[in-house]
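Written out below as C-alpha cells is the structure these notes cover.
In what follows, chains carry the letters A, B, and so on, assigned in the order in which the sequence lines appear, proteins first and then strands, with residues in each chain numbered from 1.
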Number of protein chains: 2
Amino acid sequence: MKRLTLKDVAKMAGVAPSTVSFVLNGKGKQMRIRDEVAAKIIQVVEKSGYEPHRVAVNLRTGQSKTLGLIVETISGSFFASLAKTIETEAELMGYNVVYCSTENNAQKGGELIRMLGRQMVDGYLITPAPGMEKEIQQLVQHHKPVVLMDSYFPSIKAPYVLIDNFGGVQQGMKHLIEKGFTRIAFVTVDVKLIQLEERLRGYVSALKEHKLPLRKKHVLHLKYHKLREDALREMQEFIESNPDLEAIFFATNYLGILGLEAIARIGLRMPDDVSVICFDDHDIFRLYPPGISVIEQPIEGIAKTAIAMLMQQLGKKPVPIKNPAVELPGRFIVRGSA
Amino acid sequence: MKRLTLKDVAKMAGVAPSTVSFVLNGKGKQMRIRDEVAAKIIQVVEKSGYEPHRVAVNLRTGQSKTLGLIVETISGSFFASLAKTIETEAELMGYNVVYCSTENNAQKGGELIRMLGRQMVDGYLITPAPGMEKEIQQLVQHHKPVVLMDSYFPSIKAPYVLIDNFGGVQQGMKHLIEKGFTRIAFVTVDVKLIQLEERLRGYVSALKEHKLPLRKKHVLHLKYHKLREDALREMQEFIESNPDLEAIFFATNYLGILGLEAIARIGLRMPDDVSVICFDDHDIFRLYPPGISVIEQPIEGIAKTAIAMLMQQLGKKPVPIKNPAVELPGRFIVRGSA
DNA sequence: TATTGATGCTAAATCGATTTTTCTAATAAT
DNA sequence: ATTATTAGAAAAATCGATTTAGCATCAATA
C-alpha cells in the first residue's frame, strides 16, 4: 500500500517517466508528445489518483510553494483575520502558508527568518517589529521575495502595504472635533514605530487644521512597563492629571484596552464623562459597554494586496514592482463611546 | 554565493560525503570513523556554518520533522496559547509546527488533513470538530501518529488529552451552591460534542449531589443560528423566561459572551441580579465589569501532554501508548460575577 | 600459508521528481 | 542516393542528503 510514484504511473501508461512529467507540467506540446499519448497519460493519472511528491518536487525545482507569514503575536483578531485571508488567497495561487510569531521578541524574529530560510519558503510576508531590521535587510539583499505589512522601515527598500494611519486618525479626530470637543488627549507608546508616528502626526495635523491648540499635557507616550499593572497606573495617572479632558484617542487597541480599565477604575462613564476612540478594532470593543468607536484596519485588503505584491516578485522574470508602497484607507466605526 | 552542500564540506575536510554524514548523524562510532577524522569534520562544519538541506533530508529519510496542528478556529486565546506552547515544546524536540484552521467547516477539515498528508507532516495534533471523524479514522488506520486535544470521538481509538470537563463544572457549581443559590441555569449548545455532554453531566451531577432539583426549564440547548442576532434573541428569551434565576453557568466562552450581551440588554446587573460562571476563559472576561468567573483550561498542560504523547508515537519502535486518554484538571478563577 | 576478522573508510544506490541529452525512425532536402 | 532535419520518446543527469554494500589493509587464527 505504498505511495504511487511517477515511475509507477509511467509503467502503467507504458511510457517513460520523463514523458509523464512533461505532460503533467504542461510541456507536452513543447516536447512534442502526441496527443494520444498525452491523453492516455492524463487518463492513467486521473484513474490512479496520482499526486506528485511535494518534497521531491521541492528538492528538484527549489520551489517549496510555501510562503512564510511572520507576525508579532499570533493572538489577537488582527492576526486571525490576516492569516485567514492570506491563507485562502495563497491557496488560490497554489501556495501554502506557514505561520510564525515573534511574540515581541526581537531575537526570536531573526531566528525565525533564518529558520524559514532553511525550510525553504519561497517568499516572506512580515509584520516587522523593531529588532528585525537587520534580518529583513538581509532578505532584501539576497533578493528574497518580501512584502511587509502593517509597518515598515524607511531605511529598507522593501515593498509594503498598510492602513493609512495618518488619514485614519484624522477621520476619528474630525468626528470628535465636530462634536464640539476641544480638549482631546492622544495616548500612544514610547516606541519608535513608523505607524505610531503617523498616527500622532494625524492627531497633530487634525488639531491644527481645526485651529485647536496642541497641548503637551494632552499627549501621553506610555513607557514600556514589564508589569501590566504599572502600565495601568501610568495610564490612570495621566487621565486623572487631565480632569478637563473631553475625549481620548488611543493609538493602538492594546492601549485602548488598558485605557478602558483605567477609565473604569477612575469611575468615569463613557461617553458622558469622556469620549473614546481607538485605533484598530478588537473583539472587546464591540462588547464592552457602550461599545468603543474605532478605526478598523482594512485587513482583507492588506492581505490581498500583500499576496498580489508577493506573487509579482515570485514571477519568473524579476518584474520591477510598480507599487512598492500601498496605503489603504481604514473604516471609522461609530459605537457608543464617541 | 551558493548554498554549502555536504559534498563541499566533504571536499574541504578531505573525506567522502558519506563519512561526513555519518559523523554529523552521530553514527561515527558505529561506522568506525577515527576520532581525529571526526574532529576534523566537526571543525570544518563549524567553521563553514554548514547546515543540512532540510528538503533533501526529508526526501531521503521520509521524515519532515514537522507536525501539523489543526484547530477549529485560529482566533481566540485558546488557540493562541495552545499554539505558542506547542510550538516551543515541539522545537525542543527538533520539530516545526504548521497550523491550519478548519474554521468550523467540516469539509475543509478533511481537505486539510489530506493536504498536510501530501506535505508530509510526521504527526498530527487535532482539536476534532464534528465532520472530521472519517478523516481522523483514516489517519489512525494508516498508523499515522495522532493526538486529539480538547475533544475526541468515542468511536475512534486515538489518544487524546483534554480538560476534566465534568470536574470543572462541578467545581464551579459547588461554588454557586455554597453561596446559597438553588436556581442555577445551564446554557449549552445543541451540538453533539463529548466535552459538552460531560459539562452538562457535571451540572446535573452537582445538583443531585447537593440534593437540588434538576429543572428542565433551567437548561438551554441553544440552537445553531446563522445570525448572531438570532442566537442573541434566543438567549435573551431564555433568561427572561426564568425571572427567578439566581445564577447562570455557560458551557463555552462563546455562549458566555453572548450571555453577557443578553444580560446587558435585559438590564440585569452582575452579580447582584444574577451570578455568572463560564467554562473556558477569554480576554473579555478579565475586562468586562465586574469580571467573569471562569473555569480556565490547563492549556499549557494539554499542549505539553499532547506533544509528549505524539513523540511517543514518533519513536522508532511503535511503543504501545500507555495513557491513550488524559484528563487534566481545570482551574476555577473567581472574579466579580460570582 | 591460507583463511578469517576487524578496522576505517569510500563508492554507489536511493528517495521522487524535473530537465537535459541522447537515440531512433521517418521525412525532407540536396 | 545520401545527408540533414524533425518528430517522438527514452535515457540519464540532477537536486542534496542517507544508507547499504564493498574495498583495502593489517592482525590473528587454523
Side-chain angles (χ1 to χ4, degrees), chain A residues 1-42 44-45 48-66 94 117-120 122 316, chain B residues 1-42 44-45 48-66 94 117-120 122 316:
Chain A
M1 200 48 185
K2 269 207 332 233
R3 197 182 216 284
L4 219 55
T5 77
L6 190 75
K7 231 195 226 168
D8 300 327
V9 174
K11 205 164 289 173
M12 289 159 72
V15 296
S18 44
T19 310
V20 177
S21 176
F22 292 138
V23 170
L24 288 185
N25 290 296
K27 299 187 180 159
K29 278 277 168 292
Q30 187 187 327
M31 283 296 150
R32 302 173 300 206
I33 310 294
R34 267 182 302 159
D35 288 352
E36 318 150 44
V37 177
K40 168 74 179 172
I41 290 172
I42 297 283
V44 170
V45 166
S48 66
Y50 164 77
E51 290 222 29
H53 194 298
R54 295 283 293 252
V55 178
V57 174
N58 184 186
L59 177 59
R60 183 63 237 247
T61 64
Q63 296 224 315
S64 62
K65 291 290 175 185
T66 298
R118 268 186 266 138
Q119 280 201 38
M120 323 227 79
D122 294 341
K316 359 263 138 193
Chain B
M1 199 45 186
K2 271 208 328 232
R3 198 181 216 283
L4 218 55
T5 77
L6 190 76
K7 231 194 224 168
D8 300 328
V9 174
K11 205 165 291 174
M12 288 158 72
V15 297
S18 42
T19 311
V20 178
S21 176
F22 291 140
V23 170
L24 288 185
N25 290 296
K27 301 188 178 158
K29 277 278 168 292
Q30 186 187 327
M31 283 297 151
R32 301 172 303 209
I33 310 295
R34 266 182 304 158
D35 287 352
E36 320 150 43
V37 178
K40 169 73 178 172
I41 289 173
I42 297 284
V44 170
V45 166
S48 66
Y50 164 77
E51 289 222 29
H53 194 297
R54 295 283 292 253
V55 177
V57 174
N58 184 185
L59 177 60
R60 182 63 238 247
T61 64
Q63 296 224 312
S64 61
K65 290 290 174 185
T66 298
R118 268 187 265 139
Q119 280 201 40
M120 325 226 78
D122 293 342
K316 357 265 138 194

Rounded interatomic separation in angstrom, taking [atom1] from [X] and [atom2] from [N]:
X     : N      : atom1 : atom2 : value
B:D35 : C:dG8  : CG    : C1'   : 12 Å
A:K11 : D:dA11 : NZ    : P     : 12 Å
A:L59 : D:dA17 : CG    : P     : 9 Å
B:M31 : D:dG22 : CE    : P     : 14 Å
A:R3  : C:dA17 : CZ    : P     : 7 Å
A:R60 : C:dT20 : CZ    : C1'   : 9 Å
B:N58 : C:dA17 : CG    : C1'   : 13 Å
B:E36 : C:dG8  : CD    : P     : 9 Å

B:N25 side chain to B:S21 main-chain N or O, any donor-acceptor pair under 3.5 Å?
->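 Checking the backbone N and O of B:S21 against the side chain of B:N25, a donor-acceptor pair under 3.5 Å is found.
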So, does A:T19 use its side chain to make a donor-acceptor pair with the main chain of A:V15 at under 3.5 Å?
->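 Side chain of A:T19 to backbone of A:V15, a donor-acceptor pair under 3.5 Å: no, none is there.
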Closest nucleotide among D:dA10, D:dA17, C:dT10 to the A:T19 side chain =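 Shortest atom-to-atom distance from the side chain points to D:dA10.
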Look at the side chain of B:F22 and decide which nucleotide, out of D:dT19, C:dA17, C:dC9, has an atom nearest to it.
->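 From the listed options, D:dT19 comes nearest.
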Have a look at [X] and say if it touches a base, only the backbone sugar-phosphate, or nothing, with a 4.0 Å heavy-atom cut-off.
X     : answer
A:S21 : base
B:K27 : sugar-phosphate
B:R32 : base
A:G14 : sugar-phosphate
B:T5  : sugar-phosphate

Between C:dT18 and A:N25, is there an OP1 or OP2 to side-chain N/O distance shorter than 4.0 Å?
->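 Checking C:dT18 against A:N25, a side-chain N or O does come within under 4.0 Å of OP1 or OP2.
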Reckon B:Y50 has a side-chain N or O less than 4.0 Å from the OP1 or OP2 of D:dA17?
->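 Answer yes for this pair, as a side-chain N or O of B:Y50 is under 4.0 Å from OP1 or OP2.
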Verdict with reasoning, A:T5 to A:V9, per side-chain contact (heavy atoms from CB on, under 4.5 Å) | CA-CA 7 Å; A:T5 77; A:V9 174; over 6 Å; no
Side-chain-base donor-acceptor pair under 3.5 Å for A:S18 and D:dA9 =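 Result: no qualifying N/O pair found.
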Any idea which heavy atoms bring A:P17 and A:K7 closest together, and the distance?
->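 Result for this residue pair: CG-CG, 4.2 Å.
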Criterion salt bridge (Lys or Arg N to Asp or Glu O under 4.0 Å) on A:K29 and A:D35, from CA distance to verdict = CA-CA 8 Å; A:K29 278 277 168 292; A:D35 288 352; 2.8 Å; yes
